[in-house]
Amino acid sequence: QVQLVESGGGLVQAGGSLRLSCAASGRTFSTYTMGWFRQTPGKEREFVAAISGSGAGKLYTNSVKGRFTISRDNAKNTVYLQMNNLKPEDTAVYYCAAGPDYRMGQGHYTYWGQGTQVTVSS
């Protein structure tokens, strides 16, 4: 069992930055691919970024490439999402997830956090 707790969300102006963190419980953190997803009301949850267990592999959805960076610290059981040059369309609840497969699809993720709100004002 893995428990995930996100933090770092908030309100920021367009062009600003935020860093999300996701702390995981358990001693097998480095074996999981970690992903970030986001969801806005009335829309399906969408993939944002993923990082392999070692940190060597990173995947991003096209809309955040060049602006967001995913990273992890296996010694701290934590994954991060650095978000720069934020846009109003980035406004969403952001979820951290853990799974066994290095994939984008949310069906590949077993454990989910409770989410953290990110609001970008124009």
message = To check you understand the geometry: which heavy-atom pair defines the closest contact between Leu4 and Ala98, and what is its length?
response = CD1-N, 3.8 Å
query = How are the rings of Tyr94 and Phe68 set relative to one another: parallel (under 30°), tilted (30 to 60°) or perpendicular (over 60°)?
reply = tilted
request  = Taking all heavy atoms of Val118 and all of Met83, pick out the closest pair and write down the distance.
outcome  = CG2-CE, 3.9 Å
query = Got a second to check how far Gln114's CD is from Glu6's CD, nearest 0.5 Å?
reply = 4.5 Å
task = Report yes or no: does Thr119 contribute a side-chain atom to a donor-acceptor pair with the main-chain N or O of Thr91 at less than 3.5 Å?
result = no
For residues 20-31, which side-chain donor-acceptor pairs fall under 3.5 Å, sequence neighbours excluded?
residue, atom, partner, partner atom, Å
Ser25, OG, Gln3, N, 2.8
Thr31, OG1, Thr28, O, 2.6

remark   = Minimal heavy-atom distance between Val79 and Cys96, with the atoms involved, is CG1-SG, 3.8 Å
task = With rounding to the nearest 0.5 Å, note down the distance linking CZ in Arg72 to CD1 in Ile51.
result = 6.0 Å
inquiry  = Rounded at 0.5 Å granularity, tell me how far CZ in Phe47 sits from CH2 in Trp36.
reply    = 12.5 Å
inquiry  = Does any part of the side chain of Gln117, heavy atoms only, come nearer than 4.5 Å to the side chain of Leu11, both counted from C-beta?
reply    = no
message = Count I, L, V, M, F, W, Y as connected when their side-chain heavy atoms are under 4.5 Å apart, and connections chain through other members. Are Ile70 and Leu86 then in the same cluster?
response = yes
ask   = Where do Val12 and Leu18 come nearest, in terms of heavy atoms and distance?
value = CG1-CD1, 4.0 Å
task = Look up atom OG1 in Thr61 and atom CZ in Arg38, then write down how far apart they are to the nearest 0.5 Å.
result = 7.0 Å
ask   = Any link between Leu81 and Val2 through a network of hydrophobic side chains (Ile, Leu, Val, Met, Phe, Trp, Tyr) touching at under 4.5 Å?
value = yes
key: Heavy-atom closest contact (Tyr60 atom, Ala49 atom, distance)   = CD2-CB, 3.7 Å
query = Got a second to check how far Ser54's OG is from Asn74's CG, nearest 0.5 Å?
reply = 8.0 Å
task = State, yes or no, whether a side-chain contact exists between Thr69 and Tyr80 at a heavy-atom distance under 4.5 Å.
result = no
message = Set out, in order, the CA-CA distance, both residues' side-chain angles and the distance that settles side chain to side chain contact (heavy atoms under 4.5 Å, CB included) for Tyr102 and Leu59, then state yes or no.
response = CA-CA 9 Å; Tyr102 182 54; Leu59 301 169; 3.5 Å; yes
note = Of all heavy-atom pairs linking Thr33 and Tyr109, the shortest is CG2-OH, 3.5 Å
Inter-residue atom distance Gln13.CD - Ser122.OG, 0.5 Å rounding = 9.5 Å
ask   = Would a hydrophobic clustering, with Ile, Leu, Val, Met, Phe, Trp and Tyr connected at side-chain separations under 4.5 Å, put Trp112 with Met104?
value = yes
